[in-house]
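Shown next, in structure tokens, is the structure this report addresses.
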Amino acid sequence: MKRLDPSFYEQPTIELARSLLGQYLVHNHLDGQIVGKIVETEAYLGAVDRAAHSFGGRRTNRTEVMFGMPGHVYTYQMHTHTLLNVVSGPVGTPEAVLIRAIEPIEGQAIIEANRPGIKRFDQTNGPGKLTKALGITMDLYGHSLQHEPLYIIEGESVDFEAGPRVGIPNTGEARDYPYRFFERDNPYVSKFR
DNA sequence: CTGAAGATGCCCT
DNA sequence: GGGCATCTTCAGT
């Protein structure tokens with residue numbers, strides 16, 4: 001159980017999105033520890049990616065953390081949900097990897113408490129669902145993955161596939177880039193729309 | 001200050 | 001398959 005060190009996050013964003021598949025996301029909070037295997041990610045390539053919040057080098061309070069060190073957390077609010085990203089790219093290059101789905105490994109009782117009445121496979125198979133299940137909030141904006149309470153440890157290597165990203169219409173050709181990666185045949189991968 | 005929009009999810013028909 | 005919840009950010013007055 002080795003924590004991924006800072007150099008892991010220095011690889012190019014597309015490679016990082018692929019490398020994160022199979023790794024274990026760990027959240028320690030008041031209720032206990034939750035561990036989930038990352039089974040689905042999406043790459044957002046910053047300045048040149050029309051679908052990214054930082055497209056064209058757009059620098060605001062919200063996107064600021066993406067301009068900083070890789071291996072930090074970019075959270076943001078989508079309607080009623082918090083979405084979790086890992087900042088990538090060197091300082092000054094605003095790229096990130098969205099965590100879209102996890103497979104519960106540990107702490108299922110806490111997940112159940114956070115997602116009452118939801119069927120098992122629907123508890124963590126979406127970017128807004130998994131943050132609710134793990135208790136991740138906007139408080140973690142800018143958090144370093146080298147520290148408690150949220151970090152990533154070495155997991156397992158997995159078979160994966162690539163496809164177009166989800167939920168980004170009207171962004172021109174960026175919509176079709178195959179920047180979504182997911183573990184093959186894993187039942188916790190989110191559904192297509 | 002106001003208002004519009006958004007990398008979603010859930011409930012209803 | 002459509003409507004809507006409900007929060008934050010940001011650009012425009």
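Chain naming here is simple, since letters A, B, ... match the order of the sequence lines and numbering starts at 1 in each. What you are looking at is a predicted structure, and each value in this text was computed from that prediction instead of being measured.
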Practice task
Pick the P atom in dG1(C) and in dA7(B), then give their distance to the nearest Å.
Solution key: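 Looking at atom P only, dG1(C) and dA7(B) are 22 Å apart.
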
Specify the separation, in whole Å, of atom [atom1] of [X] and atom [atom2] of [N].
{"X": "His81(A)", "N": "dT8(C)", "atom1": "NE2", "atom2": "P", "answer": "14 Å"}
{"X": "Arg59(A)", "N": "dA11(C)", "atom1": "CZ", "atom2": "P", "answer": "14 Å"}
{"X": "Leu83(A)", "N": "dG9(B)", "atom1": "CG", "atom2": "P", "answer": "7 Å"}
{"X": "Lys132(A)", "N": "dA5(C)", "atom1": "NZ", "atom2": "P", "answer": "17 Å"}
{"X": "Gln123(A)", "N": "dC10(B)", "atom1": "CD", "atom2": "P", "answer": "10 Å"}
{"X": "Leu130(A)", "N": "dG9(B)", "atom1": "CG", "atom2": "C1'", "answer": "13 Å"}
{"X": "Ile168(A)", "N": "dG6(B)", "atom1": "CD1", "atom2": "C1'", "answer": "13 Å"}
{"X": "Arg58(A)", "N": "dT9(C)", "atom1": "CZ", "atom2": "C1'", "answer": "9 Å"}

Exercise for the section: Answer whether the closest heavy-atom distance between the side chains of Phe181(A) and Ile14(A) falls below 4.5 Å. Expected result: yes

Handout entry: Close side-chain approach of Leu4(A) to Leu145(A), heavy-atom, < 4.5 Å
Key = no

Exercise for the section: Would you say whether Tyr44(A) stacks on dA7(B)? The test is a distance between ring centres of less than 5.5 Å and an angle between planes of less than 30°. Expected result: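 Whether judged by distance or by angle, Tyr44(A) passes, so it stacks on the base of dA7(B).
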
Handout entry: Per-pair stack call His79(A) and dT8(B), 5.5 Å, 30°
Key = yes

Exercise for the section: Respond yes when some side-chain nitrogen or oxygen of Arg62(A) is under 4.0 Å from OP1 or OP2 of dC7(C), and no when none is. Expected result: no

Practice task
For dA7(B), take OP1 and OP2 only and decide whether either is under 4.0 Å from a side-chain N or O of Tyr76(A).
Solution key: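 Yes, because at least one side-chain N or O of Tyr76(A) sits under 4.0 Å from OP1 or OP2 of dA7(B).
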
Practice task
Assign Arg115(A) to base, sugar-phosphate, or nothing according to its heavy-atom contacts below 4.0 angstrom with the strands shown.
Solution key: sugar-phosphate

Exercise for the section: Describe the nucleic acid contact of Lys129(A) in one word from base, sugar-phosphate, nothing, applying a heavy-atom distance below 4.0 Å. Expected result: sugar-phosphate

Handout entry: Identified pairing partner of dG3(B), criterion: Watson-Crick or G-U wobble below 3.5 Å
Key = dC10(C)

Practice task
Please tell me which of the listed nucleotides, dG9(B), dG6(B), dC10(B), lies nearest to the side chain of Ile118(A)?
Solution key: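 My answer, after comparing the listed nucleotides, is dC10(B).
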
